[in-house]
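The structure appears right after this line, and notes come after that.
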Amino acid sequence: MKKVYIETYGCQMNVADTEVIFSILADNGYGRTEDIGEADVIMANTCSIRDNAEQRIWGRIEQFNIQRRKRSGVVVGILGCMAERLKQALLDSGKVDVVAGPDAYRSLPRLLETASDGHPQIDVLLSREETYGDISPVRIDKNGVSAFISIMRGCNNVCSYCVVPYTRGAERSRDWRTIVREACECRDKGYKEITLLGQNVDSYKFEDVNFAGLLRIVAETFPDIRIRFSTSNPQDISDEVLETMASHSNICRHIHLPVQSGSDRILEKMRRRYTRAWYLDRVAAIKRYMPDCAITTDVIAGFCSETEEDHQQTLSIFREVGFDAAYMFCYSERPGTLAARNYPDDVSQEEKTRRLEEIIALQNGLSQESNLRDLGKTFRVLVEGPSKRSPEELCGRNSQNKMCVWPDTAHKAGDFVDVVVTGCTQATLLCKLA
Ligand code: SAH
Ligand code: SF4
Ligand code: F3S
């Protein structure tokens, strides 16, 4: 049996895709290995979101080629977003045997077969229909507690900075029945938490089921499973979704709502279809329906033409919302996007870094404040396993997605446990058993 090794980069969607890929390959007689030294096929499922993500992959391709030179017959493959963006250029490097884009994974067995005869293979066709809905993913997570389920693919939004619509193609929703079937399989394998994934989950629509409908179906079919989802888009998140969350206690109190910028002028240039006021209105609605709901965000520092004043607006929206956590990035120009074609990348790297550092410093304080507000509260957490620090401690997340650690040798991964918060760091709630 040939053995396949896959490294996964980028977003949760790529993790879900790697699980689909292992399933397709298993059906065609390939086994999985986590040891690159014994792999017949070495692949990376890649990300193109920022230039540094791609640079890291080029570094890995060099490492893969050490194996390829050492052991004849080893096939190197590049999958995912970078495969879709760079296409033939990857094969032209001479360092890669197979290139397969996000909608081409069903052809992988054939591509690998032909490539192992010394003929480089590429399939980067995007599809309007492919959702891999019929496939039962092979789970690759370590603890068997929390699983990702992809509910849609692609994106129709075309935010001007973003490469995803080009690498993942048009938006399509997966038949909700296959989502329920996959959730059933997760439950039967003992999973206790499911995260529904899409670039813009609020635009999920299959037949007459919208995202709120899907949430309701999943939450009610699996009352003992915790439901999460990502990512919500401020322009689309509806009161119906918030109401559905509020009325189902197994839907987690956490919304990831990327703001990107606090300046209306920049939001418009980004082609985000909301204003600062709209965003704040949505935050108010979330707090109205669920006062205990955590809100996290993504932000980009130094987008084209961003002034100090725009940057101050970003800092002020962070203060105003008081995000519980954030992913923060410097703008990275992506070839072919609307921004790359229409606007000069005119904020210096030095200035981007300075602004990013200011946002990070502010958010560190906000995360700390958010955690301090939790002192004395009791939370139900889902145990993920031993903490990083000590085998005498367990860790797990509460409904708000905050990491909790507490001394405990009695419970195990997959248990639900009540804990009381007794202290905190910026990233973690320090607890004891309730
Ligand atoms: N679909 C999600 C985001 C997916 S990409 C949404 O719309 O919110 C994840 C994050 O990467 C984005 O939210 C954005 O903050 C960041 N990002 C995307 N393109 C980027 C770029 N060109 N430079 C820097 N950060 C970028
Ligand atoms: Fe990119 Fe915008 Fe689509 Fe998110 S919604 S994936 S940022 S184009
Ligand atoms: Fe990266 Fe593609 Fe996800 S560009 S963030 S792996 S959709």
Side-chain angles (χ1 to χ4, degrees), residues 7-18 21 44-57 78-86 101-103 124 126 148 150-172 197-204 229-237 255-262 266-267 269-274 279 282 295-304 306 314 323 325-341 343 345 347 349 352-353 355-356 359 363:
E7 286 180 9
T8 305
Y9 296 87
C11 60
Q12 298 169 334
M13 206 83 70
N14 260 11
V15 175
D17 279 1
T18 294
I21 293 163
N45 192 2
T46 62
C47 175
S48 286
I49 201 82
R50 285 167 290 276
D51 185 58
N52 56 15
E54 289 197 358
Q55 292 313 321
R56 189 175 326 141
I57 311 277
I78 295 299
L79 314 170
C81 290
M82 196 172 159
E84 192 62 47
R85 196 181 85 73
L86 294 176
D103 289 341
V124 287
L126 287 172
F148 296 133
S150 169
I151 63 165
M152 55 208 296
R153 300 182 71 80
C155 184
N156 280 353
N157 277 330
V158 205
C159 303
S160 65
Y161 51 82
C162 184
V163 76
V164 171
Y166 306 92
T167 63
R168 297 216 155 230
E171 182 181 286
R172 64 222 98 122
L197 297 178
Q199 291 299 349
N200 182 4
V201 289
D202 303 290
S203 57
Y204 178 87
F229 55 87
S230 188
T231 303
S232 305
N233 192 309
Q235 87 199 7
D236 296 320
I237 188 165
I255 295 181
H256 187 61
L257 198 65
V259 66
Q260 315 299 4
S261 169
I266 294 295
L267 285 172
K269 280 192 101 128
M270 288 177 160
R271 271 180 116 250
R272 297 290 281 183
R273 277 167 268 179
Y274 54 87
Y279 187 92
R282 293 290 77 203
I295 301 177
T296 59
T297 203
D298 294 345
V299 68
I300 298 176
F303 184 64
C304 311
E306 188 188 75
T314 294
F323 292 113
Y327 295 99
M328 300 160 277
F329 313 103
C330 283
Y331 173 58
S332 166
E333 185 177 83
R334 309 312 293 130
T337 56
L338 289 176
R341 282 184 273 149
Y343 311 129
D345 180 10
V347 178
Q349 188 52 51
K352 283 179 188 169
T353 309
R355 291 179 192 172
L356 179 66
I359 301 171
Q363 182 54 48

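Indexing begins at 1, ligand by ligand and atom by atom, following the structure's order. For reference, positions follow the sequence shown, starting with 1.
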| task | Check whether any heavy atom of N200 sits under 4.0 Å from an atom of ligand 2. | result | no
| Region of F329 engaging ligand 1 - heavy atom pairs below 4.0 Å | side chain
| Heavy atom under 4.0 Å from ligand 1: found in C155's side chain, backbone, both, or neither? | neither
| task | May I ask whether Q199 places a heavy atom under 4.0 Å from ligand 3? | result | yes
| task | Please examine the side chains of T231 and P258, heavy atoms only from C-beta on, and report whether any two atoms are closer than 4.5 Å. | result | yes
| Element-labelled atoms of ligand 1 that are located less than 4.0 Å from some non-hydrogen atom of Q260 | 8 (O), 12 (C), 13 (O), 14 (C), 15 (O)
| query | Closest non-hydrogen protein atom to atom 19 (N) of ligand 1, residue and atom name please, with distance? | reply | Y161 CD1, 3.3 Å
| request: Measure from NZ or CZ of K269 to the centre of the six-membered ring of F303 and say whether it is under 6.0 Å with the direction within 45° of the ring axis. | output: no
| Looking only at heavy atoms, is any part of K352 under 4.0 Å from ligand 1, and if so is it the side chain, the backbone, or both, or is it neither? | neither
| task | Kindly identify the option in M270, R50, M13 whose heavy atom sits closest to atom 16 (C) of ligand 1. | result | R50
| message | Is the shortest side-chain heavy-atom distance between Y166 and V158 below 4.5 Å? | response | yes
| message | For atom 9 (C) of ligand 1, what is the closest protein heavy atom, and at what distance to 0.1 Å? | response | D298 OD2, 3.7 Å
| field | Ligand-residue contact atoms, ligand 2 with V158, heavy atoms, under 4.0 Å | value | 8 (S)
| query | How are the rings of Y274 and Y279 set to each other: parallel, tilted or perpendicular (split at 30° and 60°)? | reply | tilted
| Closer than 4.0 angstrom: is that true for some heavy atom of C159 and an atom of ligand 1? | no
| Side-chain donor-acceptor contact under 3.5 Å, D236 with N200 | yes
| query | How far is atom 8 (S) of ligand 2 from its nearest protein heavy atom, and which residue and atom name does that atom have? | reply | C159 N, 3.4 Å
| said: With a 4.5 Å cut-off on side-chain heavy atoms, are F323 and V259 touching? | reply: yes
| message | Tell me the contacting part of N233 for ligand 2: side chain, backbone, both, or neither, using a 4.0 Å heavy-atom threshold, strictly below. | response | side chain
| Is a side-chain N or O of D202 found less than 3.5 angstrom from the main chain of N233, in a donor-acceptor match? | yes
| Do R282 and I255 touch side chain to side chain, with heavy atoms closer than 4.5 Å? | no
| request: Just let me know how E333 lines up against ligand 1, side chain, backbone, both or neither, with a heavy-atom cut-off below 4.0 Å. | output: neither
| remark: Check: of I300, I49, T337, V259, min heavy-atom distance to atom 5 (S) of ligand 1 comes from I49
| Is the charged tip of R50 near the ring of F329: under 6.0 Å from the six-membered ring centre and within 45° of its axis? | yes
| Is it the side chain (CB and beyond), the backbone, both or neither of P258 that lies under 4.0 Å from ligand 1, heavy atoms counted? | side chain
| remark: Within 4.0 Å of some non-hydrogen atom of P165, the atoms of ligand 2 are 8 (S)
| Does N14 use its side chain to pair, donor to acceptor, with the backbone of T46 at less than 3.5 Å? | yes
| Nearest-contact summary for atom 5 (S) of ligand 2 - protein heavy atom, Å | N157 ND2, 3.3 Å
| request: Please write down residue, atom name and distance for the protein heavy atom closest to atom 7 (S) of ligand 2. | output: Y161 OH, 3.3 Å
| task | Return yes when G80 approaches ligand 3 closer than 4.0 angstrom through a heavy atom, no otherwise. | result | no
| said: Between M328 and I300, is there a side-chain heavy-atom distance shorter than 4.5 Å? | reply: no
| task | Under 4.0 Å, heavy atoms only, figure out whether ligand 3 is touched by the backbone of M13, its side chain, both or neither. | result | neither
| Within-shell test, R272 vs ligand 1, heavy atom, strictly < 4.0 Å | yes
| field | Shortest protein heavy-atom distance from atom 2 (Fe) of ligand 3, along with the residue and atom involved | value | C81 SG, 2.2 Å
| Do R355 and V347 have side-chain heavy atoms sitting under 4.5 Å apart? | yes
| query | Any N/O/S atom, backbone or side chain, of C11 lying under 2.8 Å from atom 1 (Fe) of ligand 3? | reply | no
| message | Less than 4.0 Å is my threshold; does some heavy atom of T231 fall inside it relative to ligand 1? | response | yes
| said: Would R272 count as a contact residue for ligand 2, given that I'm defining contact as a non-hydrogen atom of the residue lying under 4.0 Å from a ligand atom? | reply: yes
| request: Please tell me if the side chains of Y161 and Q260 come closer than 4.5 Å, counting only heavy atoms from C-beta onward. | output: yes
| query | Under 4.5 Å between any side-chain heavy atoms of R168 and R153, yes or no? | reply | yes
| Can you list the ligand 2 atoms lying under 4.0 Å from a non-hydrogen atom of C155? | 3 (Fe), 5 (S), 6 (S), 8 (S)
